[in-house]
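Please read the structure below before turning to the comments.
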Amino acid sequence: MTFLDKKQGKRILFSGYAKLPTGITASEVYKVIGVVLLIDEDTGMILEADCTLATAVARNHVSSILVGKSIAMPDQLVSIVDKTYQGSAKKAIITAIRIIHDKYRSYKEGLAPSVID
């Protein structure tokens, strides 16, 4: 175990995707939103967050409201997004977060698929 491992724990990257509503800039570019979270495996803490929204303000906002929260508490994340994000992609962001939570839970239970098995 390196110093970095002891200090930061095991960092796992999860992604979730959901269809964006038509008629918004992001849907014209991407069709789906991607939400990517870097999560501490032991604590479930979100260390970094990013998404494929069209503007830096929206991407930065989503990141700022998710970092420091726990993926193990998806209802809290959904509530935060619901209250603080009033853009058209809200439902897609929430769906992507729920998908990531399901992947995290499966990973923790040892059920996550591996491409090398």
Side-chain angles (χ1 to χ4, degrees):
M1 180 178 288
T2 67
F3 173 75
L4 185 63
D5 292 334
K6 290 178 189 173
K7 183 178 176 186
Q8 294 181 314
K10 191 172 181 184
R11 300 162 59 118
I12 311 293
L13 186 134
F14 291 91
S15 62
Y17 299 87
K19 186 174 180 184
L20 287 162
T22 57
I24 65 171
T25 304
S27 72
E28 298 304 316
V29 175
Y30 300 113
K31 304 291 185 225
V32 297
I33 187 169
V35 175
V36 179
L37 303 178
L38 186 62
I39 298 173
D40 182 287
E41 178 186 25
D42 296 327
T43 65
M45 194 67 57
I46 299 169
L47 305 171
E48 294 182 44
D50 201 357
C51 63
T52 56
L53 290 170
T55 66
V57 171
R59 291 189 305 273
N60 291 338
H61 176 71
V62 170
S63 177
S64 73
I65 63 175
L66 297 178
V67 170
K69 307 297 186 298
S70 176
I71 192 63
M73 298 171 49
D75 292 341
Q76 179 189 36
L77 299 175
V78 167
S79 178
I80 290 167
V81 172
D82 188 49
K83 290 176 183 169
T84 68
Y85 184 91
Q86 298 304 311
S88 299
K90 180 193 298 193
K91 185 175 179 181
I93 293 167
I94 289 170
T95 299
I97 290 169
R98 287 184 171 140
I99 289 167
I100 293 170
H101 172 260
D102 289 344
K103 287 181 178 182
Y104 174 77
R105 190 180 63 226
S106 293
Y107 177 85
K108 290 294 283 183
E109 293 171 358
L111 303 174
S114 173
V115 297
I116 57 173
D117 288 343

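Side chains are part of it too, since the values below use all heavy atoms of this structure and drop only hydrogens, waters and symmetry mates.
The distance from the CD1 atom of I33 to the NZ atom of K91 is 14.0 Å, given to the nearest 0.5 Å. The distance from the CZ atom of R11 to the CG atom of L47 is 5.5 Å, given to the nearest 0.5 Å. Summarising the geometry, atom CG belonging to D75 is positioned 11.5 Å from atom CD1 belonging to I97; distances are rounded to the nearest 0.5 Å. Note that the CE atom of M45 and the CG atom of D40 stand 8.0 Å from one another [nearest 0.5 Å]. Rounding to the nearest 0.5 angstrom, the gap separating the CG atom in D102 from the CZ atom in F14 is 11.0 Å. With rounding to the nearest 0.5 Å, the separation of OG in S70 from CG in L77 is 7.5 Å.
Across all non-hydrogen atoms, the minimal contact from A96 to G16 is CB-O, 3.6 Å. The two residues G34 and T52 have their closest heavy-atom pair at N-OG1, 2.8 Å. Here the closest non-hydrogen pair linking A49 and S63 is O-OG, 3.1 Å. Across all non-hydrogen atoms, the minimal contact from Y107 to K10 is OH-NZ, 3.4 Å. Nearest heavy atoms, Y104 versus T43: OH-C, 4.3 Å. Counting all heavy atoms, side chain and backbone alike, A92 lies closest to L20 at CB-CD2, 4.0 Å.
Residues L53 and I93 form a side-chain contact, since some pair of their non-hydrogen atoms from C-beta on lies under 4.5 Å apart. Side-chain contact between E41 and K108 is present, with at least one heavy-atom pair separated by less than 4.5 Å. Residues L37 and L66 are in side-chain contact: their nearest non-hydrogen atoms beyond the backbone lie under 4.5 Å apart. Under the 4.5 Å side-chain criterion, counting only non-hydrogen atoms from C-beta, H61 is in contact with S64.
The hydrophobic cluster containing I99 does not contain Y17, counting ILVMFWY residues as joined when their side-chain heavy atoms lie under 4.5 angstrom apart, directly or transitively. No path of Ile, Leu, Val, Met, Phe, Trp and Tyr side chains, each step under 4.5 Å between heavy atoms, connects I100 with L38, placing them in separate hydrophobic clusters. The hydrophobic cluster containing I65 also contains I71, counting ILVMFWY residues as joined when their side-chain heavy atoms lie under 4.5 angstrom apart, directly or transitively. Taken together through direct or relayed side-chain contacts under 4.5 Å among Ile, Leu, Val, Met, Phe, Trp and Tyr, V32 and V62 form parts of separate hydrophobic clusters. Residues V36 and I46 fall into different hydrophobic clusters, defined by Ile, Leu, Val, Met, Phe, Trp and Tyr side chains chained together at heavy-atom separations under 4.5 Å.
A salt bridge links K90 with D82: at least one charged nitrogen is closer than 4.0 Å to a carboxylate oxygen.
Heavy atoms of other residues, nucleotides or ligands lying less than 6.0 angstrom from CZ of R105 number more than 12.
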